[in-house]
2 protein chains.
Amino acid sequence: MKQRQSRRQRNAPTISDVAREAGVSPMTVSRVINGERNVRERTRAEVNRAIEVLGYTPNRAARSLASADQIIIGLLYSNPSAAYLSELLVGGLEQASRHNIQLVVEKCDSEKDAESVAMRLVAGGVEGILIPPPLSDQPRMLNLLHSSDTPAVAIASECVRENIASVSIDDYRAAYEMTRHIIDLGHRRIGFITGDDNQVASGRRLAGYRDALAEAGLSHGEELIAEGRFTYRSGLDAAQKLFELDSPPTAVFASNDDMAAATVAVAHRRGLDVPTDLTVCGFDDTALATTIWPELTTIHQPIIEMARAAVDLLAERVRARRDEEELESRHQLLDFTLARRQSDAPPPDEKRRTEQRTRVVAEKLG
Amino acid sequence: MKQRQSRRQRNAPTISDVAREAGVSPMTVSRVINGERNVRERTRAEVNRAIEVLGYTPNRAARSLASADQIIIGLLYSNPSAAYLSELLVGGLEQASRHNIQLVVEKCDSEKDAESVAMRLVAGGVEGILIPPPLSDQPRMLNLLHSSDTPAVAIASECVRENIASVSIDDYRAAYEMTRHIIDLGHRRIGFITGDDNQVASGRRLAGYRDALAEAGLSHGEELIAEGRFTYRSGLDAAQKLFELDSPPTAVFASNDDMAAATVAVAHRRGLDVPTDLTVCGFDDTALATTIWPELTTIHQPIIEMARAAVDLLAERVRARRDEEELESRHQLLDFTLARRQSDAPPPDEKRRTEQRTRVVAEKLG
DNA sequence: CTGAAAGCGCTTACAG
DNA sequence: CTGAAAGCGCTTACAG
């Protein structure tokens with residue numbers, strides 16, 4: 001009879017080696033490893049000695065296969081924010097591997113697609129789902145997760161659902177502080193470009209801006225608030241509108257970096273220097289913020305940490321679900337920072353502003 | 001007889017479920033999953049359908065337990081290209097998990113840091129390293145990997161080292177084809193903004209531009225070639241220089257999107273419409289290309305596929321190394337595509353161009 | 001307190 | 001090109 005060739009490649013000692021060395025069964029070794037108490041003290045000591053002698057380390061793959069304690073969670077993303085995604089993945093993967101959690105990353109194309117991909121993931125054994133923006137702001141998506149009772153954590157969204165947790169920064173507070181920062185520089189007429197109506201963050205950022213102004217006694221009408229939709233294109237139009245005001249702002253705070261960049265472009269076309277003639281601030285701290293010139297003062301979100309926190313939160317929920325515990329939804333807020341760069345400055349003095357306005361008018365006439 | 005209670009906790013589909021669904025043996029499913037080629041096309045299709053239907057994901061623990069051949073590789077990146085990174089991760093992770101390879105993603109801050117992180121990875125059991133740009137263009141990094149005899153694959157770099165493989169697109173060919181595209185639109189004076197001197201791709205892109213012009217009998221002096229360094233800022237200066245020529249170009253081909261975007265900005269400041277008055281093309285197809293207005297015509301690199309290919313190549317090299325085989329370095333070229341968008345058009349007719357030039361001069365004098 | 005048996009989900013080695 | 005069998009290293013469920 002030919003001997004079947006062994007399949008072992010590494011020759012690390014196994015639980016059976018330890019058992020043989022200690023003169024017990026593998027089961028007993030397993031008990032000792034796992035700290036179960038129903039093992040006679042002498043037996044335990046003997047096993048520990050054998051472990052020591054052989055330099056035994058349990059095989060992780062075998063453990064999680066046998067115990068079925070591995071958690072698989074999914075990260076479902078749609079295309080828009082690629083720069084965002086990279087940080088998300090870095091943070092998420094790190095935390096997942098640390099806790100022996102398998103993170104399945106899936107892309108979907110449309111909103112419709114997202115729902116079917118989510119259901120396929122769940123059908124495929126994924127026990128919880130991580131939803132980054134912009135998916136985390138789609139009511140249908142959240143409703144689906146909610147009604148299918150799938151543990152889920154929404155990132156950078158505070159959409160409240162009973163059984164969905166979230167991790168985000170305090171958009172209201174961040175917008176408030178940015179506005180304060182601009183006020184402290186000496187600005188009195190501060191324009192604002194809003195974000196997309198159907199993202200929750202948009203409203204919060206606007207509210208932060210409003211409250212900071214009100215608190216400083218600078219409330220003015222609605223003319224300094226221009227509507228945007230988070231796209232560069234919409235920022236172009238919104239900035240245009242602000243500059244055409246009879247008394248244009250000396251600073252513009254846009255609800256994201258794309259629109260802030262668009263504002264800088266429009267300012268340049270009109271011959272305004274940033275920040276000497278105009279302060280422009282953004283939100284999000286995407287790659288664009290440090291690509292263009294001048295680099296944008298903006299709000300930085302700790303995306304990597306948010307991803308880590310989201311993984312932890314989700315793992316906790318998945319375990320709770322396995323144990324059939326009820327878990328209330330939890331909304332975790334992480335700290336943002338105000339990244340100050342080259343696009344802000346005190347307002348131009350009155351003389352320079354008059355010169356400018358004259359120049360612009362002259363060009364129009366010419 | 002009492003039925004023994006099942007131990008399965010999650011009810012994820014297994015390889016047997018897929019096999020049953022597809023009407024084959026688990027072995028065949030395993031072959032399909034692992035991309036072995038000795039499976040009939042029809043069988044393979046059927047298995048893939050079953051996988052899709054059930055939403056099957058292989059259990060990692062079981063795989064690595066059974067195969068005992070788990071490979072750990074590292075992806076070492078430095079900060080610059082975040083949008084790039086996300087695609088890299090998506091492609092790399094997917095392929096890695098497919099082949100049961102553990103991908104350790106590590107970030108480093110500086111070039112110096114990169115070297116120590118690389119060595120730490122290797123000391124910690126990582127058997128091969130993936131190097132994306134801009135690290136893949138740093139001679140010291142490559143030399144280190146080379147001399148420490150660590151299997152490595154450089155992405156988007158064709159730096160030749162004996163034992164380092166690479167995956168990239170044909171930068172020369174891509175630049176050649178973009179230049180041809182601009183010529184075919186009718187342009188005769190085509191400006192070029194170069195990339196950073198110390199990246200290999202820069203030279204190749206320039207050569208592609210040069211050869212396309214020469215072939216079309218359009219070679220002119222060096223005046224239409226402006227030096228850039230891949231940054232937005234350097235693009236601003238380079239574009240400025242091109243526009244100040246006595247006979248400025250009607251089209252500008254920048255060596256990357258950042259500099260193309262800068263060119264658009266400068267054109268706008270000078271009152272030139274893109275693409276009516278000026279065609280601007282970029283390279284890389286980063287997020288910026290579709291953020292700004294007009295969206296840029298540019299060269300798209302299949303980054304996700306490059307990452308996949310890089311993982312495969314690296315795994316092959318790690319295995320070869322385990323078996324103590326010699327493997328010569330391999331340089332794999334993938335296909336790029338020319339993404340045509342809104343920033344290119346035929347050259348303005350002569351009349352309009354004269355008007356423009358007059359306007360610009362008038363502004364200067366005024 | 002201890003152990004024999006079965007099984008986790010996959011792959012290797014072999015046979016057709 | 002396909003499959004039956006054995007085994008990876010551990011744990012669960014059960015029986016003493």
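Remember, predicted model here, so these are calculated numbers, not experimental data. Just so we're on the same page: letters track the sequence lines, and every chain starts at 1.
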Modelled atom types, side-chain donor and acceptor of B:Gln301 and B:Asp285, under 3.5 Å: no

Polar side chain donor-acceptor pair, A:Ser168 to A:Ser166, under 3.5 angstrom: no

Minimum side-chain heavy-atom gap A:Val90-B:Leu89 below 4.5 Å: yes

Taking side chain as C-beta onward, heavy atoms only, is B:Tyr77 less than 4.5 Å from B:Leu88?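 Side-chain contact under 4.5 Å: no.
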
Between A:Arg44 and A:Glu41 (salt bridge meaning N to carboxylate O under 4.0 Å), is one present in this structure? yes

Answer yes or no: is there an ion pair linking B:Glu52 with B:Arg49, defined by an N-O contact shorter than 4.0 Å?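 Judged by the 4.0 Å cut-off on N to carboxylate O distance, B:Glu52 and B:Arg49 do not form a salt bridge.
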
Starting at CG of B:Leu75, measure out to CD1 of B:Ile129 and round the result to the nearest 0.5 Å. 9.5 Å

Gap between atoms [atom1] and [atom2], on [X] and [N] respectively (whole Å):
X       : N      : atom1 : atom2 : value
B:Asn38 : C:dT12 : CG    : P     : 13 Å
B:Ile15 : C:dG7  : CD1   : C1'   : 16 Å
A:Met27 : D:dC10 : CE    : P     : 12 Å
B:Ile33 : C:dC10 : CD1   : P     : 7 Å
B:Glu36 : C:dA13 : CD    : C1'   : 12 Å

Quick one: is B:Ser25 getting a side-chain N or O under 4.0 Å of the D:dG3 phosphate, OP1 or OP2? yes

Can you tell me if the side-chain N/O atoms of A:Thr28 get under 4.0 Å from OP1 or OP2 in C:dG3? yes

Once Watson-Crick and G-U wobble pairs under 3.5 Å are found, how is DNA chain D written in dot-bracket notation, 5' to 3', with | for any base paired to another strand? |||.||||||||.|||

Can you name the nearest heavy-atom pair linking A:Pro26 to A:Ala19, along with the distance?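 Taking every non-hydrogen atom into account, N-CB, 3.6 Å.
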
Closest-nucleotide mapping onto DNA chain D: is B:Arg31 or A:Val29 further toward the 5' terminus? I mean the 5' end.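 It is B:Arg31 whose nearest nucleotide is closer to the 5' end.
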
Neighbours of DNA chain C within residues 42-51 of chain B, by heavy-atom distance under 4.0 Å: none

Look at all strands and tell whether B:Pro26 reaches a base, only sugar-phosphate, or nothing, counting heavy atoms closer than 4.0 Å. nothing

Taking only residues two or more places apart in sequence or in another chain, which ones pass salt bridge (Lys or Arg N to Asp or Glu O under 4.0 Å) with B:Asp149?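 Salt bridge (Lys or Arg N to Asp or Glu O under 4.0 Å) list for B:Asp149, sorted by chain: B:Arg321.
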
